Q: 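Okay, here's the structure, questions in a sec.
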Amino acid sequence: WFLRFLYFQLGWSCIRIRSCFCPPFSMSVYYLFLCCSFAFLLKKVKTIRNAAAHNNCIINELKRKDNPHKPSSRLQNALTDIGISRNTQRKKLANEPIEQILTCLYSHKLLVTSPGVQKHMAYTLDEFRSRLYREFTYADNLLIKSTFDLLTKIIEVWFPLQQPWQ
């Protein structure tokens with residue numbers, strides 16, 4: 001449900017961008033450039049949204065390391081900026097569903113400019129983050145624990161509850 005919600009929020013933001021930039025020709029060129037530069041990111045968002053819509057169990061695929069696509073350099077730079085090591089990035093982004101989830105979070109952070117939507121997403125992600133360890137500690141499964149720790153760190157840094165919009 002969470003990934004579908006995130007995709008819905010991102011989709012409405014892109015529609016708003018399109019409606020703002022389409023009327024004059026120069027703005028249409030700008031919109032085309034904007035879409036081309038984010039096309040790879042949005043394709044990853046679409047893929048994870050489809051997986052969520054068809055109720056695929058993403059956690060079952062955490063061991064897979066056969067990502068056929070090279071991760072986005074924008075995403076890798078953003079992860080480096082928040083202190084995630086290149087070794088951790090290499091390990092986690094080798095898994096395609098994890099790369100798609102991180103791309104979805106990064107795309108939302110990058111494209112959504114509305115303070116109200118940002119605030120709502122910060123609260124929604126904080127609720128999601130608190131649910132990750134609500135029932136289990138995952139001490140016996142280091143793969144799940146390390147993945148959830150990565151998601152927790154990204155949520156805390158990219159979507160803090162205390163923002164300038166408060």
Side-chain angles (χ1 to χ4, degrees), residues 1-13 38 40-67 69-166:
W1 69 268
F2 169 72
L3 291 172
R4 280 182 263 178
F5 171 76
L6 186 62
Y7 182 78
F8 177 76
Q9 290 289 333
L10 189 61
W12 275 111
S13 300
F38 294 114
F40 180 76
L41 296 175
L42 293 177
K43 181 143 177 82
K44 293 285 185 179
V45 171
K46 182 188 102 168
T47 305
I48 195 67
R49 183 260 169 216
N50 286 342
H54 293 284
N55 293 325
N56 292 350
C57 187
I58 296 168
I59 290 181
N60 282 344
E61 299 180 0
L62 288 180
K63 280 193 173 184
R64 282 187 27 212
K65 301 291 183 196
D66 59 349
N67 190 352
H69 306 103
K70 184 176 184 260
S72 166
S73 60
R74 292 180 128 176
L75 176 64
Q76 288 179 324
N77 291 338
L79 292 174
T80 302
D81 290 345
I82 63 171
I84 296 173
S85 69
R86 288 285 184 185
N87 187 34
T88 303
Q89 289 180 39
R90 186 179 42 80
K91 288 179 183 175
K92 294 300 177 189
L93 295 178
N95 182 283
E96 191 171 13
I98 297 302
E99 180 202 359
Q100 292 168 354
I101 291 170
L102 297 182
T103 302
C104 191
L105 292 171
Y106 175 67
S107 299
H108 189 277
K109 174 186 160 302
L110 197 64
L111 295 175
V112 175
T113 58
S114 167
V117 174
Q118 289 174 349
K119 183 178 181 179
H120 181 70
M121 186 54 64
Y123 283 111
T124 304
L125 285 170
D126 186 59
E127 178 187 333
F128 172 72
R129 185 182 54 82
S130 66
R131 288 177 56 193
L132 290 176
Y133 293 109
R134 184 174 58 193
E135 301 292 327
F136 303 104
T137 61
Y138 301 105
D140 56 337
N141 192 332
L142 295 179
L143 181 63
I144 292 176
K145 184 173 178 3
S146 66
T147 303
F148 285 179
D149 287 344
L150 176 69
L151 288 174
T152 299
K153 181 174 183 174
I154 289 172
I155 290 169
E156 288 173 352
V157 174
W158 284 351
F159 302 95
L161 288 177
Q162 301 300 322
Q163 286 268 340
W165 30 255
Q166 285 184 339

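Just so it is clear, the structure is predicted and the values come from calculations on it, not from any experiment. Starting from 1, each residue takes its place in the sequence as its number.
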Q: Can you tell me how far the CG atom of N67 sits from the CG atom of L93, to the nearest 0.5 Å?
A: 8.0 Å
Q: Using a 3.5 Å distance criterion without hydrogens, assess whether the side chain of D126 forms a donor-acceptor pair with backbone atoms of A122.
A: no
Q: Calculate, to the nearest 0.5 Å, the distance between atoms CD and CZ belonging to E96 and R64 respectively.
A: 6.0 Å
Q: Check step by step if side-chain contact (heavy atoms from CB on, under 4.5 Å) holds for L79 and T88.
A: CA-CA 10 Å; L79 292 174; T88 303; over 6 Å; no
Q: Just how far is it from atom NZ of K91 to atom CZ of R86, taken to the nearest 0.5 Å?
A: 15.5 Å
Q: Should Y106 and V45 count as side-chain neighbours, where that means a heavy-atom distance under 4.5 Å?
A: no
Q: Do K92 and S146 touch side chain to side chain, with heavy atoms closer than 4.5 Å?
A: yes
Q: Should the pair H108 and F159 be assigned to parallel (<30°), tilted (30 to 60°) or perpendicular (>60°) ring geometry?
A: tilted
Q: Look only at the side chain of K145 and the backbone of T137, and say whether a donor-acceptor pair between them is shorter than 3.5 Å.
A: no
Q: Output yes when a side-chain donor or acceptor of N141 lies under 3.5 Å from a complementary backbone atom of L143, and no otherwise.
A: yes
Q: K153: what forms a salt bridge (charged side-chain N to carboxylate O under 4.0 Å, His left out) with it, not counting sequence neighbours?
A: none
Q: Testing Q89, K44, K70 for side chain to side chain contact (heavy atoms under 4.5 Å, CB included) with E99, which one passes?
A: K44
Q: So for atom CZ, which belongs to F136, do other residues, nucleotides or ligands contribute more than 12 heavy atoms lying within a distance under 6.0 Å?
A: no
Q: Shortest non-hydrogen contact from W158 to L102?
A: CZ3-O, 4.1 Å
Q: Would a 4.5 Å heavy-atom cut-off, applied to side chains only, mark L105 and L151 as touching?
A: yes
Q: What distance do I101 atom CD1 and T47 atom OG1 have between them, rounded to the nearest 0.5 Å?
A: 12.0 Å
Q: So do the side chains of D81 and V157 get within less than 4.5 Å of each other, counting heavy atoms only?
A: no
Q: What distance separates I98 CD1 from T103 OG1, expressed to the nearest 0.5 Å?
A: 11.0 Å
Q: Identify, with sequence neighbours excluded, every residue that meets salt bridge (charged side-chain N to carboxylate O under 4.0 Å, His left out) alongside R90.
A: none
Q: Taking the side chain as C-beta and beyond, is there a heavy-atom pair between K109 and M121 under 4.5 Å?
A: no
Q: Indicate the atoms forming the closest heavy-atom contact of I48 with P97, along with that distance.
A: CD1-O, 4.1 Å
Q: I'd like to check N95 versus T147 (side-chain heavy atoms, cut-off strictly below 4.5 Å). Are they in contact?
A: no
Q: List for me each residue that meets salt bridge (charged side-chain N to carboxylate O under 4.0 Å, His left out) alongside D140, sequence neighbours excluded, and say none if there are none.
A: none
Q: Using every non-hydrogen atom in the two residues, find where Y138 and L132 come nearest and quote the distance to one decimal.
A: CE1-O, 3.3 Å
Q: Quick check for you: to the nearest 0.5 Å, what is the distance between S107 atom OG and Q100 atom CD?
A: 11.5 Å
